[in-house]
Participant: 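Before anything else, here's the structure in question.
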Amino acid sequence: MSRPLAAITGASSGIGAVFARRLAVDHDLLLIARRQDRLEKLGGELARDFGAAVETLEADLATDAGIARVVKRISGEDRLVLLINNAGFGTRGLFWEAPLEEQERMHTLHVMATMCLCHAALRGMTARNRGALVNVASVAAFVRRSGAASYGATKSWMAVFTEALFLELRGIKSEVVVQALCPGYTYSEFHDTMQVSRKTMASPRYWLTAERVVDASLKGLRKRKLFVIPGWHYRLIVALITKLPSSLRLAIESRVSRR
Ligand SMILES: NC(=O)c1ccc[n+]([C@@H]2O[C@H](COP(=O)([O-])OP(=O)(O)OC[C@H]3O[C@@H](n4cnc5c(N)ncnc54)[C@H](OP(=O)(O)O)[C@@H]3O)[C@@H](O)[C@H]2O)c1
């Protein structure tokens with residue numbers, strides 16, 4: 001018998017791959033990323049270990065064609081109960097010094113892909129009055145840093161967009177759940193891809209495992225929590241910084257950026 005379907009973008013490594021492992025226990029999976037070989041290897045393991053039916057979809061979600069491919073696949077998919085918009089990346093350098101093309105790709109991936117996939121999924125979910133969306137934002141949605149202008153801006157967009165969906169769904173008394181997952185520094189391939197040393201980013205006590213992030217998200221889904229910020233120290237930072245007057249917040253952010 002087929003099981004409910006979970007679609008995960010960026011499932012070829014890090015947080016997305018851990019979501020796939022956790023969800024394979026009781027879901028069939030649609031795994032999406034560019035590295036098809038990685039998706040197939042993971043899918044094979046999950047089919048063998050958990051009996052999940054796993055479909056892989058190669059798509060570059062920083063392109064219109066890639067987004068259209070995934071939208072086409074999930075539109076009208078009656079078994080879709082969970083969509084995780086997780087694919088993402090970071091860049092280095094001051095905004096005007098970093099290549100514009102990378103900034104454009106980031107905006108397309110974090111903003112346009114998230115928006116289009118949420119739209120495709122919510123049409124069916126709201127009609128069935130069942131399902132959930134997780135948009136993987138970041139603590140960077142709340143705490144700005146020099147060298148990450150587009151990253152902070154696009155992750156803030158994800159948080160605000162998810163909050164607005166929450167209000168719209170609540171307004172129609174829908175059972176559909178939405179979550180903005182906001183991790184801090186997490187061990188994955190993210191910083192390797194950026195080619196930055198983890199040591200220069202933060203001390204080891206601030207680093208989370210992808211398993212801890214995913215478990216907090218799944219627990220949050222069960223409790224229908226809108227914002228999930230894994231780790232008490234990150235919850236404290238966000239709670240404090242968002243309450244400060246902007247002049248004081250910017251002074252702290254400038255100091256942290258200089259380090
Ligand atoms: N690690 C952290 O410290 C941290 C903190 C806060 C938030 N996050 C967020 O967490 C999410 C997952 O990141 P991660 O930490 O797990 O990093 P990761 O290990 O580098 O995984 C990123 C995933 O995104 C996929 N991806 C990147 N560009 C893509 C594209 N153009 N089209 C389709 N898929 C693409 C990658 O797959 P392919 O390369 O195979 O396409 C990979 O599966 C990201 O949204 C990131 O912003 C991470």
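Start at 1 and go down the list; that is how both ligands and their atoms are numbered.
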Participant: Would you mind running through ligand 1 and noting each atom that sits below 4.0 Å from a heavy atom of Ala59?
Facilitator: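 With Ala59 as reference, the close atoms of ligand 1 come out as 32 (N), 33 (C).
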Participant: More than 12 non-hydrogen atoms from neighbouring residues, nucleotides or ligands closer than 6.0 Å to CG on Asp64, yes or no?
Facilitator: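 Incorrect, the count does not exceed 12.
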Participant: Establish whether Tyr151 and Phe95 are linked, either directly or via other cluster members, by ILVMFWY side-chain heavy-atom contacts under 4.5 Å.
Facilitator: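 No, Tyr151 and Phe95 fall in different hydrophobic clusters.
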Participant: Which of the numbered atoms in ligand 1 are below 4.0 angstrom from a heavy atom of Arg105?
Facilitator: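 Those atoms are 31 (N).
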Participant: Backbone, side chain, both or neither: what part of Ala17 comes under 4.0 angstrom of ligand 1, heavy atoms only?
Facilitator: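 None of Ala17 does.
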Participant: What is the nearest protein non-hydrogen atom to atom 15 (O) of ligand 1, stated with its residue, atom name and distance?
Facilitator: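 For atom 15 (O) of ligand 1, the nearest protein heavy atom is Ser188 OG, 2.6 Å.
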Participant: Which one of Arg34, Arg105, Arg69 satisfies the side chain to side chain donor-acceptor pair (under 3.5 Å) criterion with Asp60?
Facilitator: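 Only one of Arg34, Arg105, Arg69 forms a side chain to side chain donor-acceptor pair (under 3.5 Å) with Asp60, namely Arg105.
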Participant: At less than 4.0 angstrom from any non-hydrogen atom of Gly14, what atoms of ligand 1 do you find?
Facilitator: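 It comes down to these atoms of ligand 1: 16 (O), 19 (O).
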Participant: When clusters are formed by joining ILVMFWY residues with side-chain heavy atoms under 4.5 Å apart, either directly or through shared neighbours, do Val228 and Leu236 land in the same one?
Facilitator: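 Unlinked, Val228 and Leu236 end up in two clusters.
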Participant: Report the member of Asn85, Ile32, Thr186 with the shortest heavy-atom distance to atom 1 (N) of ligand 1.
Facilitator: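 Among Asn85, Ile32, Thr186, the closest heavy atom to atom 1 (N) of ligand 1 comes from Thr186.
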Participant: For atom 28 (N) of ligand 1, grab the closest protein heavy atom and report residue, atom and distance to one decimal in Å.
Facilitator: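 Answer for atom 28 (N) of ligand 1: Arg34 NH2, 3.2 Å.
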Participant: Considering Ser12, Ala141, Pro230 one by one, which has a heavy atom nearer to atom 36 (C) of ligand 1 than any of the others?
Facilitator: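 Result: the heavy atom closest to atom 36 (C) of ligand 1 is in Ser12.
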Participant: I need the nearest protein heavy-atom contact for atom 6 (C) of ligand 1: residue, atom name and distance, please.
Facilitator: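 Minimum-distance protein heavy atom for atom 6 (C) of ligand 1 reads Pro183 O, 3.2 Å.
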Participant: If you take the nearest heavy atom of each of Gly16, Ala87, Ala20, Gly88, which one is closest to atom 22 (C) of ligand 1?
Facilitator: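 The residue whose heavy atom sits nearest atom 22 (C) of ligand 1 is Gly88.
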Participant: Any donor-acceptor pair under 3.5 Å linking the side-chain atoms of Thr91 with those of Glu102?
Facilitator: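 Judged by distance alone, the side chains do not pair up.
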Participant: Side chains of Asn135 and Thr114: any donor to acceptor distance under 3.5 Å?
Facilitator: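 Checked: Thr114/Asn135 side chains show no N/O donor-acceptor pair below 3.5 Å.
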Participant: Check this for me, if you would: do Glu211 and Arg21 make a salt bridge, where the nitrogen-to-carboxylate-oxygen distance has to be below 4.0 angstrom?
Facilitator: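 Judged by the 4.0 Å cut-off on N to carboxylate O distance, Glu211 and Arg21 do not form a salt bridge.
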Participant: Between the side chains of Glu175 and Arg224, is the shortest nitrogen-to-carboxylate-oxygen separation below 4.0 Å, so that they form an ion pair?
Facilitator: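 A salt bridge links Arg224 with Glu175.
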Participant: Need the ligand 1 atom indices (1-based, order shown) with element for anything under 4.0 Å from a heavy-atom of Tyr185.
Facilitator: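 In order of number, 3 (O).
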Participant: Got the closest protein heavy atom to atom 32 (N) of ligand 1, with its distance?
Facilitator: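 Of the protein heavy atoms, Leu61 N, 2.9 Å lies nearest.
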Participant: Hey, looking at atom 11 (C) of ligand 1, which of Ile8, Ile84, Asn86 has the closest heavy atom?
Facilitator: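 Among Ile8, Ile84, Asn86, the closest heavy atom to atom 11 (C) of ligand 1 belongs to Asn86.
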Participant: Looking only at heavy atoms, what is the nearest atom pair of Leu208 and Pro230, with distance?
Facilitator: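 Between these two residues, the closest heavy atoms are CD1-O, 3.8 Å.
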Participant: What protein heavy atom is closest to atom 25 (C) of ligand 1, reported as residue, atom name and distance in Å?
Facilitator: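 For atom 25 (C) of ligand 1, the nearest protein heavy atom comes out as Gly10 CA, 3.6 Å.
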Participant: Considering non-hydrogen atoms of the protein only, which is the closest contact for atom 20 (O) of ligand 1, and what is the distance?
Facilitator: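 Closest protein heavy atom to atom 20 (O) of ligand 1: Phe190 N, 3.2 Å.
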Participant: Quick one: do Lys41 and Glu45 make a salt bridge, cutoff under 4.0 Å?
Facilitator: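 Here Lys41 pairs with Glu45 in a salt bridge, since their nearest N and O are under 4.0 Å apart.
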Participant: Compute the shortest N/O to N/O distance between Val139 and ligand 1 and return yes if it is under 3.5 Å, no if not.
Facilitator: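 By distance alone, the answer is no.
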Participant: Can you tell which part of Asp60 has a heavy atom less than 4.0 Å from ligand 1: side chain, backbone, both or neither?
Facilitator: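 It is both backbone and side chain that touch ligand 1.
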Participant: Does only the side chain of His110 get under 4.0 Å from ligand 1, or the backbone, or both, or neither? Count heavy atoms.
Facilitator: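 No part of His110 comes within reach of ligand 1.
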Participant: Please classify the Arg38 to ligand 1 contact at 4.0 Å (heavy-atom distances, strictly less than): side chain, backbone, both or neither.
Facilitator: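 For Arg38, no heavy atom sits under 4.0 Å from ligand 1.
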Participant: Which ligand 1 atoms does Ala62 reach within 4.0 Å, using its non-hydrogen atoms?
Facilitator: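 Per the distance check, 31 (N).
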Participant: Who's closest to atom 47 (O) of ligand 1 heavy-atom-wise, of Phe19, Tyr151, Phe89?
Facilitator: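 When every heavy atom of Phe19, Tyr151, Phe89 is considered, Tyr151 comes closest to atom 47 (O) of ligand 1.
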Participant: If the cut-off is 4.0 Å to any non-hydrogen atom of Arg35, which atoms of ligand 1 fall inside it?
Facilitator: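 The atoms of ligand 1 under 4.0 Å from a heavy atom of Arg35 are 37 (O), 38 (P), 39 (O), 40 (O), 42 (C).
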Participant: So which heavy atom on Ala202 is nearest to which on Trp207, and how close?
Facilitator: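 Scanning both residues completely, I find the closest heavy atoms to be O-NE1, 3.2 Å.
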Participant: Write out the residue and atom name of the closest protein heavy atom to atom 16 (O) of ligand 1, then the distance separating them to 0.1 Å.
Facilitator: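 Scanning the protein heavy atoms, the shortest distance from atom 16 (O) of ligand 1 goes to Ile15 N, 2.8 Å.
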Participant: Would you please classify the geometry between the Phe142 ring and the Phe227 ring as parallel, tilted or perpendicular, with 30° and 60° separating the classes?
Facilitator: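 Taking Phe142 first and then Phe227, their aromatic rings stand perpendicular (interplane angle over 60°).
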Participant: Please report the shortest heavy-atom distance between Pro183 and Ile15, naming the atom on each side.
Facilitator: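 Nearest pair, atom of Pro183 first, then Ile15: CG-CD1, 4.3 Å.
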Participant: Which atom pair, heavy atoms only, marks the closest approach of Asp26 to Arg3?
Facilitator: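 Minimum heavy-atom separation between Asp26 and Arg3: CA-NH1, 3.7 Å.
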Participant: Nearest to atom 4 (C) of ligand 1, what protein heavy atom do you find, and at what distance?
Facilitator: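 Sorting protein heavy atoms by distance from atom 4 (C) of ligand 1 puts Gly184 O, 4.0 Å first.
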Participant: Within a reach of under 6.0 Å around NE2 of His233, are more than 12 heavy atoms found that belong to other residues, nucleotides or ligands?
Facilitator: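 Above 12, so yes.
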Participant: Decide whether an N or O pair under 3.5 Å exists between Lys155 and ligand 1.
Facilitator: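 Yes - when backbone and side-chain N and O of Lys155 are compared with those of ligand 1, one distance drops under 3.5 Å.
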Participant: Report the member of Ala210, Gly66, Ala140, Ser13 with the shortest heavy-atom distance to atom 18 (P) of ligand 1.
Facilitator: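 Residue with the shortest heavy-atom distance to the ligand atom: Ser13.
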